[in-house]
Every structure is written in C-alpha cells, then in structure tokens.
Peer 1: 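Take this structure, written in structure tokens, and hold onto it; I'll ask about it next.
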Amino acid sequence: MANIDFSKRDSFGSKFGVIAATAGSAVGLGNIWRFPYVAGESGGGAFVLIYLGFILLIGVPVMLSEFIIGRRGQQNAFGSFKKLAPGKPWYLVGLMGIIAAFLILAFYSTIAGWTLEYIMQSITNSFNGKNSAELKQSFEIFQSGTFRPILWQLIFMGLTAWIVFSGIKDGIEKSTKILMPLLFVLIIILCIRAVTLPGAIEGLEFLFKPDFSKITWGVVLEALGQAAFSLSIGMGALITYGSYIGKDNNLSTTAIQVSLADTAIALLAGVMIFPAVFSFGLKPDEGFGLVFIVLPNIFEQMAGGYFFSIIFFILLAVAALTSTISVLEVVVAYFVEELKMSRKKATIIGSVSISAIGVFCTLSFGGLSNFKIFNKTVFGIFDYLSANILLPIGAFLIVIFLGWFLGKKVIVDELSNNGTLKNRLLGLFIFIIKFIAPVAIAMVFLYSTGIIKL
Ligand code: TRP
C-alpha cells in the first residue's frame with residue numbers, strides 16, 4: 001500500500017520496504033565486523049549473554065520508541081524533538097545524534113573501505129596459497145598503508161552519498177530487498193564450513209559458554225554499546241526512518257522482526273568466525289582486524305572459496321552501504337529540513353565533511369598509529385565514544401522523553417495505529433521505557449565509568 005496520504009515527505013513504499021530498509025540499517029559491519037571483535041576482546045560467552053539481555057531489555061524498546069517519536073514527529077531527528085516538545089531543550093538529543101552520526105560514519109567508512117579492498121583481493125585471487133600468518137601479514141600491510149585505504153574509504157563515501165542523494169524510495173528500499181536475504185544464506189554456508197573445521201568446538205565454547213570471571217563493568221558497557229550500535233539505536237537514525245514509515249505499519253512487529261534478524265546475523269557471524277579463529281591458531285582478541293584476517297583463512301579451506309569470497313565481500317560491502325546510508329540520511333535530513341539546504345547540497349556538504357574527518361580514522365592504522373589519547377587511536381576513540389558513550393546516553397534520553405514526556409496517550413495511539421491494532425504488551429513496554437531501561441542504562445554507565453563505585 002502506498003503511504004503518500006499523510007504528508008508530502010518522501011516515504012517508504014511498502015511494508016516490506018520498511019523492514020528491508022530498517023534491517024538494512026541495523027545489519028552491517030556492526031554484526032559481522034564489530035560483534036566478533038568486541039566479543040573476542042571481552043572474553044566471549046558471558047559478554048554474548050549480557051549483550052542478548054540488553055537487546056531484549058533495552059534494544060527492542062528503544063527501537064520502538066524511536067519509531068514512535070519519528071512517525072509522530074514527521075521530521076528529522078532534531079526536528080521531531082522540536083516539534084513534539086516546542087520550546088523545550090529536547091531537540092538537543094537530536095543534535096547529539098547528528099554529532100554521533102558524524103563520528104560513526106567517519107570510522108565506519110574506514111572499515112567499509114576495507115571491504116572494497118577485500119573484494120579486489122578476492123577477485124585477484126590474492127589469498128591463494130597463503131597460510132594463516134601470511135594472510136595476517138598481508139592484512140596488516142594493507143591496513144597500515146596510506147593511499148589505498150583512503151582511496152577505498154572515499155569511494156565508499158561517494159557511493160553512500162550517491163544513494164542518499166537519489167532519495168528514499170528509489171535508493172534505500174530497492175537496494176536492500178534482494179541482497180540482505182542473500183547475505184544471510186551465504187553466512188550460513190560459511191558457518192557450516194567453520195564448524196566442520198578441526199578444533200571448531202573450542203570456538204563454539206568460547207562464544208557460548210559463559211565464563212563470568214571475565215565480566216567487569218567495562219565489559220557490561222561494551223555489551224550495551226554493541227547492542228545499541230548493532231540495532232542502530234540511540235542517535236536518531238530510526239527516528240528519521242520512523243518519520244518515513246506509513247501510518248498503517250505495525251511498529252511493534254517491525255521492531256521485533258528487525259531486532260531478531262539483526263541479532264541472528266550477529267550470532268551467526270560469531271559462529272562463522274570463532275571456530276575458525278581457534279582452528280587456525282589465531283587469537284580471539286585480535287582486535288579491529290579480526291574478521292579480515294579470519295575470513296580469508298576460511299575461504300582458503302573451502303571448495304569454491306574463490307567464488308564465495310568474491311560474493312561474500314560484495315554482500316558485506318552492500319550490508320555496510322545500507323547502514324552508512326542510514327547514518328548519512330540523519331545528517332542530510334537535518335540539513336534539508338532545519339537548515340533549508342537542497343538535498344544535493346546537504347548530501348555533498350555532509351559527505352565531504354565526514355570524509356575529511358574519516359581520513360584521520362583510516363590513518364590511525366598507519367601514519368597516525370602512534371597518536372594516542374587515553375591510550376586509544378583516533379579510530380579507537382571514535383568507535384568507543386560513539387558506541388559506548390553517545391548511543392547509551394541517546395537511548396537513555398529517548399526512552400525518558402517518550403515515557404515521561406510524551407506519555408501514554410501518544411504511545412497508545414502510535415502502537416495501536418489509532419485504535420486499529422491490539423497491543424497486548426503495552427503495559428510491559430511502558431514499564432520498561434519508564435523504569436527498567438533508563439535505570440539499567442544509568443547504572444551501567446555510572447558503574448563502568450567509575451562515577452559510582454560498588
Ligand atoms: N547498525 C549498523 C551496523 O550494525 C551501524 C549503524 C547504522 C548505526 N546506523 C546506525 C549505528 C545508527 C548506530 C546508530 O553496522
């Protein structure tokens with residue numbers, strides 16, 4: 001059904017379009033690159049368990065809250081707050097989201113650029129005949145370079161800008177519908193190869209057998225940050241998308257389906273990576289490069305690995321692209337609606353300025369690798385600051401805004417589509433966003449930053 005009746009703004013054309021675009025935003029490098037590297041550094045199983053708890057307790061409710069705010073506000077992240085709370089400072093939450101979008105896209109485009117390099121390396125068959133140590137070495141040589149990684153990053157930003165410029169329905173919706181299911185199938189194939197490798201069981205144990213001695217408040221914060229990052233919540237991307245969702249869409253169903261798909265892909269990525277990590281004698285806490293070192297090893301060990309590697313890295317790049325467009329869209333929608341720019345100008349200014357910052361993230365693996373603040377590189381700081389600090393604060397303020405400021409009537413209206421849908425979990429949802437989610441986020445935050453000591 002077409003959703004053109006409620007405003008003149010661009011909107012998603014179908015129910016499946018909504019799910020495809022939102023899932024496209026959620027599923028990306030966060031699942032396939034970030035989840036394994038953070039889980040690997042945070043000790044595995046116990047981290048995964050806490051992460052799953054946060055998805056359920058905080059992730060799904062916050063996603064739903066963002067949809068409600070966006071569809072109600074019919075504006076970009078900043079404008080929706082301004083419209084729903086006129087004269088109040090809530091729009092600052094939107095502004096914080098726009099800053100977070102700059103940080104996220106700056107470092108995300110570095111890794112997205114790596115996926116393009118790996119498409120090339122797959123096509124030129126350059127993993128062929130290399131052992132685990134050699135594959136690691138060639139990754140490190142590429143990563144620490146200057147020209148190539150920056151060029152790939154800029155190409156990726158260009159692609160993102162091009163899709164964002166071409167508009168919501170044509171650009172975002174069409175590209176996600178076919179490719180996401182294909183990615184899912186390919187990951188399953190790779191999981192099967194991974195778990196049949198010799199010594200695979202050690203990896204599965206690492207991922208699923210919780211060792212609670214590994215848990216610190218820092219790890220809990222990492223789990224919260226990863227849950228938020230993976231679901232694209234806490235910075236208004238889903239407020240912006242929510243504003244494009246039609247009035248007849250069942251928001252709760254969409255939030256649950258998208259979260260399920262996103263979490264399934266993250267867990268499958270873990271099943272694909274960790275058995276291989278142990279089987280090839282690598283270490284789970286390898287860091288940012290983990291999947292780029294492990295995956296070529298898997299392709300080397302499988303029949304048809306040459307073709308699978310090409311398809312996989314193409315799909316990974318596409319998954320990254322459907323995420324980057326949702327981040328850039330936050331900035332562009334803000335520039336267009338609040339600063340009254342044309343869509344073209346907004347896209348160019350947004351993507352060029354983000355790319356300029358992004359280059360420093362890419363260089364922090366090479367020329368700037370010794371430049372550290374709080375023992376982190378520029379890339380490390382952007383990654384940590386956005387996922388673990390800005391997104392949890394954003395998520396906290398979003399649920400407070402909906403639960404305590406907008407209140408029950410708006411929630412009931414939006415969840416029931418003005419009385420046409422039944423919502424059995426309404427009471428639970430309101431209880432979570434008013435009490436459980438804000439208290440949980442605040443606690444994790446205060447303990448892990450040492451503001452409060454146990
Ligand atoms: N969720 C995406 C991923 O997992 C990244 C992403 C897209 C994102 N939009 C976002 C993260 C908004 C935080 C906020 O790759």
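Just follow the structure's listing: the first ligand is 1, and inside any ligand the first atom is 1.
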Peer 1: Does some non-hydrogen atom of Trp33 fall short of 4.0 Å from ligand 1?
Peer 2: no
Peer 1: Which residue and non-hydrogen atom of the protein lie closest to atom 11 (C) of ligand 1, and at what distance in Å?
Peer 2: Phe229 O, 3.2 Å
Peer 1: Can you list the atoms of ligand 1 that are under 4.0 Å from a heavy atom of Leu391?
Peer 2: 13 (C)
Peer 1: Name all residues meeting the salt bridge (Lys or Arg N to Asp or Glu O under 4.0 Å) criterion together with Lys283; count only those two or more places apart in sequence or in a different chain, and write none if there are none.
Peer 2: none
Peer 1: Can you list the atoms of ligand 1 that are under 4.0 Å from a heavy atom of Ser326?
Peer 2: 7 (C), 9 (N)
Peer 1: Is it the case that the ring center of Phe313 lies less than 6.0 angstrom away from the ring center of Tyr118?
Peer 2: yes
Peer 1: State, to 0.1 Å, how close Val359 and Ile150 come at their nearest heavy-atom pair, and which atoms those are.
Peer 2: CG1-CD1, 3.7 Å
Peer 1: Please could you name the atoms of ligand 1 that Val327 approaches to less than 4.0 Å, counting only its heavy atoms?
Peer 2: 7 (C), 9 (N), 10 (C)
Peer 1: Is it true that Arg34 and Asp383 make a salt bridge, defined as a side-chain N closer than 4.0 Å to a carboxylate O?
Peer 2: yes
Peer 1: Report yes if some N/O of Leu29 lies less than 3.5 Å from some N/O of ligand 1; otherwise report no.
Peer 2: yes
Peer 1: Where is the nearest protein heavy atom to atom 4 (O) of ligand 1: which residue, which atom, and how far?
Peer 2: Ala26 O, 2.8 Å
Peer 1: Please identify which atoms of ligand 1 are closer than 4.0 Å to at least one heavy atom of Ser230.
Peer 2: 1 (N), 4 (O)
Peer 1: Name all residues meeting the side chain to side chain donor-acceptor pair (under 3.5 Å) criterion together with Arg71; count only those two or more places apart in sequence or in a different chain, and write none if there are none.
Peer 2: Glu414, Asn417
Peer 1: With a 4.5 Å limit on heavy-atom distance, are the side chains of Ile239 and Phe81 in contact?
Peer 2: yes
Peer 1: Taking only heavy atoms of Gly30 into account, list the atoms of ligand 1 that are under 4.0 Å away from them.
Peer 2: 3 (C), 4 (O), 15 (O)
Peer 1: Could you identify the single nearest non-hydrogen protein atom to atom 15 (O) of ligand 1 and state the distance to 0.1 Å?
Peer 2: Tyr108 OH, 2.4 Å
Peer 1: Please report which non-hydrogen protein atom sits nearest to atom 6 (C) of ligand 1, along with the residue it belongs to and the distance in Å to one decimal place.
Peer 2: Ser232 OG, 3.5 Å
Peer 1: Under 6.0 Å between ring centres: does that hold for Phe365 and Trp114?
Peer 2: yes
Peer 1: So, Trp152 versus Phe142, ring centres under 6.0 angstrom or not?
Peer 2: no
Peer 1: Okay, side chain of Thr22, backbone of Ile19: is any donor-acceptor separation there less than 3.5 Å?
Peer 2: no
Peer 1: Ligand 1 versus Ile104, non-hydrogen atoms closer than 4.0 Å: side chain, backbone, both, neither?
Peer 2: side chain
Peer 1: Closest non-hydrogen protein atom to atom 2 (C) of ligand 1, residue and atom name please, with distance?
Peer 2: Ser25 O, 3.1 Å
Peer 1: Just jot down the ligand 1 atoms closer than 4.0 angstrom to any heavy atom of Asn31, in number order.
Peer 2: 4 (O)
